[in-house]
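Read the structure below first, then the notes.
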Amino acid sequence: MNLDKTYQANLYEKDIYELWIKNNAFRADPHSNKPHYSIAMPPPNETGTLHVGHALFLTLQDILIRYHKLKGYDTLWVPGTDHAALSTNTVIEKKLAEQGINKHQIGREKFIKITKEFVGNSRNTIIKQIKAMGSATDWSRLRYTLDDGLSRVVSEVFVKMYNDGLIYRGNRIVNWDPKLETNVSDDEVIYKPEKIKLYTFKFGPFEISTTRPETKFGDKYVVVNPKDKRYAKYKHLQTFEAEWLNGKVLATVIKDASVDPNFGTGAMTITPWHSLVDFELANKYSLDMEQIIGFDGKLLSIAKEFEGLDILKARPKIVKKLKDKGLLISVQDNYEHNIATNFRGGGIIEPQIRLQWFIDVNKKAINWKGQNNSFKEILQRVIREGDIKIIPKKFEKIYFNWIDNLKDWCLSRQIWWGHQLPVWYKDDKIYVGITPPKDEGGWKRDQDTLDTWFSSSLWTWSTLLDPKLLVDYKLTLDDIIAQSIDLKTYHPTNLLETGFDIIFFWVARMILATTYVVKEVPFREVFLHGLVKTEGGKKMSKSDPDTIIDPLSIIEEFGADALRLSLIQGLAPGQDAKVAKTKIITNRNFCNKLWNISRFIEDKLDFDRKPEIKSFADAWIIGNLNETLNNFQKALDNYQFSEAYQIVYHFLRDQFADWYVEVSKEEKNYPLLSYVYKQLLILTHPLAPFITEVLWQKSMKGKSQDLLVNQSYQKIIDYNKTNRHNFDTIIKIITEIRHIQKELNLSALSICSKSSLITRNSRVVERLAQVKLNNTASDNNQVKLTINGVSIGLFLAKDLVSNYLNKLKAKQQKQIQLINTLNKRLLNKSYLNNAPAHIVNETKQKLLSERVALKMTQDDIRLFSDF
RNA sequence: GGGUGAUUAGCUCAGUUGGCUAGAGCGUCUCGUUUACACCGAGAGGGUCGGGGGUUCGAGUCCCUCAUCACCCACCA
């Protein structure tokens, strides 16, 4: 087959992926009688490009899918993309703004049309990039959160929840982003520390502090702590007159324990319309609420002469007015304050009261396994009762902590891109349904769209519904669920694999929605990975381009396999993954090693004859292969990706390449060599699918029509344990001879030995240890030493010996120490009584063998000394 | 303020119910081109597992405590 000297990934990867697709290698078959294994891919944002975070989850999930295929499963990995409402909307608005266009100028319909065009072009990019990673996804089942079928499901679920009383409409404080003119969920708000001025004003007999004078126009309540002695003379609900921004106001004293008497003056005024805490206080005491700031971020008419001003511009002017009135007491600079911003788009959040749609998480109206529960309770039960296992376990604590503080989920967003609410209004009537009531008409649809995560929360099962059934509106959602074969076969999915950063956004909400609609959990296990960081543990940031690992350019330069291996090397569950260029080079080299093993083997491949064990080395490599396969599977069964790779790495380099391949230059057992090579490709395939398939295709030419991707683990070959052990001894002898040569700086050493272990494997020993075996020379000028019970004579000069003698003495010291330790342990009665029998046995064995080893060392020392 | 992690070789990190003399990759040093591979081979050096205490026959691993560093949640006039 004539392979190049090095593996050039970019020459092969695209063709190999095509080959897989052409052969439907990733196509799931629900009618197969194999066991089924399924994963729903976290759908990337359709307008995104592949970043290293995507690369990580694609790698992990692909490994598991391919691994299960090899284990004989029918696998399904459902790919998809997300319409990512808010971030896409932001992108489009930004693009329009660049052309000087405001979305209101073009209207909703045109805006959606523009967005669709943009998204349509973009979606293919991310799909191509997913393929470049080698992802074994079933493209015939590609889904999109905003396609017609899924959109129908989203509406159906909303209607169902509404009819069950789990969705309600209410006035609430929301996180309003005046820039994008939408509210965002609590989870989408991020706080940035900022130093601003803290003003203290006179308010009647009180002094109150504020960072936001511009919200104070409507203030007419002073809240103090009931235990605060300074204010004991004022009664709860007592009124007083105060000079304020727009003249005199009649203010009321409120006493509430939520006020911290140690903060500032211990007295504060409240602005219920623009603060959650104040809103809750106002609700508690039925206080008036008044809007001060408009949804465009500008002051309303209550601000009189400041009406229409942007709040930040108005602030100093308002302070000046209060100062002129003699109401300003003090200004504190550099007051540390957290400013709330929208993490998509970055607008500064202004709390506002608005009518919004919410999911009630506390209403007990759901039947889960025979009990009447609230969403909150079900979310707790599924973990507690073991229906879903979270790996690593530490995230269960975080999960419970979040659920304990769970608030109603605000579903409505005021952006245009997304699933429009299936809610209709006429006069003051509200109707919730997919289509408006069929009466005289005149119903108007709610303009809001749903939170992106609402559709995402249906992902595991909505993607498995039969698209043909979804267009049949005579069927109910329950009918479709009952009749969809994929859903019946692949749901609950076996695993959800995703980043820990979206455990609340997504994982919890999938559990919420799925248990409610489908009456089963969305997945059995959740495996959470961390973020991908630089080697220094820093976030990759655009401001520091050197640290950025761009998966696409890495794939181009080093290949997807090298990238995949780098991502799992050293990865610990739930911990951040660290990647750097050096790591990628190491793993590219690993691929090249495999490549060159193939170059050596290519003309020796023999699959016609039955592989048989003949030599010690044969038994040894088969024993190691079996063990490796076993350990590899155990590691992957426990999501120990890093461990699995290390096992393969060790076998491929330290055992197969360094020893067996070298040995096979002397002892030619090509059928067995071919067998092990074949197993090696199967073993490595889930981790590095491209190169292994390339080599499989080249090696199997004419011998097999099959693709590597379609193989399964084969029956292992039995071997003789003593023979395997014998080769271990040979390795130790060769290593020791190499060591002596290095230590004594020798180049052409001759040895002699009568041991059959040596004489029967003389050519192997000669080649690998770089020595000459000479059993005819006289015993003079020999240094005898014993390695693992085998007596070896070395022909070497006297004056070289002392170096090695020191080595031996150091070795002797270590051995004595160890023997003492083991002795002490075995003399300890508590140890003998408490430690498990096999551990005690091991210690005894160890002591025995160590004593033998010590004796050999001492013999060598004596011989060398005598010499 | 509440929570969760991390601290192991010069660097980056593994180490899964406590049990062989604590591992890997990179880097360092020495030697080497032998019928695949310099994207290579052979060998070496390097760690009192952050400090202190405790439980245990036995602790990198469990508990307490301190220190340092991350991250998440909440959010204050």
Side-chain angles (χ1 to χ4, degrees), chain A residues 3 5-7 186-187 191 198 200 208-212 223 258-260 263-271 275-278 337-338 340 392 394-395 397-398 401-402 405 500-501 503-504 530-531 534-538 558 562 566 569-580 582-583 585-602 634-635 638-640 642-643 645-646 649-650 657-658 661-662 665 735 738-739 741-743 745 747 767-770 814-815 817-818 821-822 825 828-836 838-840 842-843 845-846 850:
Chain A
L3 301 177
K5 212 167 171 185
T6 53
Y7 173 56
D186 293 342
D187 303 301
Y191 294 88
L198 177 70
T200 303
I208 55 119
S209 297
T210 183
T211 53
R212 305 198 55 195
V223 192
S258 67
V259 176
D260 177 5
F263 184 90
T265 60
M268 66 175 194
T269 60
I270 57 169
T271 312
S275 155
L276 176 62
V277 178
D278 296 1
H337 178 84
N338 277 332
K394 69 173 181 186
F395 287 112
K397 283 188 208 163
I398 296 171
N401 194 282
W402 182 76
N405 300 309
F500 69 67
D501 50 331
I503 182 169
F504 310 133
L531 304 171
T534 67
E535 273 207 319
K538 287 193 194 125
F558 300 100
S566 302
Q569 188 180 39
L571 181 79
Q575 295 296 105
D576 292 340
K578 315 270 165 63
V579 204
T582 52
K583 213 169 173 179
I585 291 171
T586 302
N587 292 305
R588 187 269 322 259
N589 293 352
F590 173 81
C591 292
N592 196 55
K593 188 75 185 174
L594 178 58
W595 182 258
N596 272 293
I597 288 172
S598 304
R599 285 184 70 214
F600 173 77
I601 293 180
E602 60 180 323
K634 220 191 289 169
N638 290 300
Y639 304 111
Q640 306 286 331
S642 173
E643 176 74 8
Y645 177 34
Q646 223 172 84
Y649 189 98
H650 176 65
D658 288 355
V661 168
E662 289 304 319
K665 289 173 183 172
T735 307
R738 283 172 179 169
H739 172 72
Q741 282 175 292
K742 285 280 171 196
E743 205 60 45
N745 203 10
S747 50
R767 171 184 275 275
L768 295 185
Q770 286 294 296
K814 266 194 176 165
Q815 286 171 327
Q817 250 171 31
L818 179 59
T821 309
L822 295 174
R825 197 176 295 167
N828 185 338
K829 270 191 193 134
S830 311
Y831 173 71
L832 295 175
N833 292 336
N834 291 316
H838 72 275
I839 297 288
V840 176
E842 268 175 38
T843 311
Q845 286 303 317
K846 189 77 210 160
E850 209 53 38

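Basis for what follows: all heavy atoms, side chains included, without hydrogens, waters or symmetry-related copies. What you see is a predicted model, and the numbers here were worked out from it, not measured in a lab.
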Mind checking what makes side-chain hydrogen bond (donor to acceptor under 3.5 Å, both in side chains) contact with [X], not counting sequence neighbours?
X: A:Gln815; result: A:Thr857
X: A:Asn592; result: none
X: A:Gln575; result: A:Lys394

For this session: Please identify each residue that fulfils ring pair (Phe, Tyr, Trp, His ring centres under 6.0 Å) with A:Phe600, with sequence neighbours left out.
Result: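 Ring pair (Phe, Tyr, Trp, His ring centres under 6.0 Å) list for A:Phe600, sorted by chain: empty.
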Exercise. A:Tyr649: what forms a ring pair (Phe, Tyr, Trp, His ring centres under 6.0 Å) with it, not counting sequence neighbours?
Worked result: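 In terms of ring pair (Phe, Tyr, Trp, His ring centres under 6.0 Å), with neighbours along the sequence ignored, A:Tyr649 is linked to A:Phe590, A:Tyr645.
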Taking the [atom1] atom of each, how far is [N] from [M], in whole Å?
N: B:rU68; M: B:rG51; atom1: P; value: 16 Å
N: B:rC66; M: B:rG25; atom1: C1'; value: 34 Å
N: B:rU48; M: B:rC40; atom1: P; value: 31 Å
N: B:rG60; M: B:rU34; atom1: C1'; value: 42 Å

Residues that [X] engages under side-chain contact (heavy atoms from CB on, under 4.5 Å), provided they are two or more places apart:
X: A:His739; value: A:Glu736, A:Glu743, A:Tyr804, A:Lys807
X: A:Asp576; value: A:Phe500, A:Leu531, A:Lys533, A:Lys578
X: A:Leu768; value: A:Trp659, A:Glu662, A:Val663, A:Ile734, A:Arg738, A:Val764

Exercise. Do A:Asn828 and A:Arg825 have a side chain donor and acceptor closer than 3.5 Å?
Worked result: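 No, no side-chain donor-acceptor contact under 3.5 Å.
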Exercise. Of all the base pairs, Watson-Crick or G-U under 3.5 Å, which form stems of three or more consecutive pairs involving RNA chain B?
Worked result: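 Stem list for RNA chain B: B:1-7 with B:67-73, B:10-13 with B:23-26, B:28-32 with B:40-44, B:50-54 with B:62-66.
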For this session: Please tell me which of the listed nucleotides, B:rG19, B:rU16, B:rG43, lies nearest to the side chain of A:Tyr831?
Result: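 My answer, after comparing the listed nucleotides, is B:rG19.
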Problem set entry | Candidates B:rG25, B:rA74, B:rU21 - which lies nearest the side chain of A:Glu850 |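 The closest nucleotide is B:rU21.
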Problem set entry | Reading 5' to 3' through nucleotides 28-40 of chain B, protein heavy-atom contacts under 4.0 Å coded B for base, S for sugar-phosphate only, - for none | ---B--BBBBSBS
Problem set entry | Residue whose closest nucleotide on RNA chain B lies nearer the 5' end, A:Ile839 versus A:Leu571 |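 The answer here is A:Leu571.
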If you restrict it to nitrogen or oxygen atoms, what contacts under 3.5 Å exist between nucleotides 2-7 of chain B and the protein, and what is each distance?
residue : atom : partner  : partner atom : Å
B:rG5   : O2'  : A:Gln575 : OE1          : 3.4

Exercise. Does the base of B:rC73 carry an N or O that pairs as donor and acceptor with the side chain of A:Asn405 under 3.5 Å?
Worked result: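 Checked by distance alone, the answer is no.
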For this session: Just jot down the salt bridge (Lys or Arg N to Asp or Glu O under 4.0 Å) partners of A:Glu850, sequence neighbours excluded, or say none.
Result: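 Testing A:Glu850 for salt bridge (Lys or Arg N to Asp or Glu O under 4.0 Å), a comparison that skips the adjacent residues, returns A:Lys846.
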Problem set entry | Student check: side-chain heavy atoms of A:Pro573 and A:Tyr639 closer than 4.5 Å |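 No, their side chains stay 4.5 Å or more apart.
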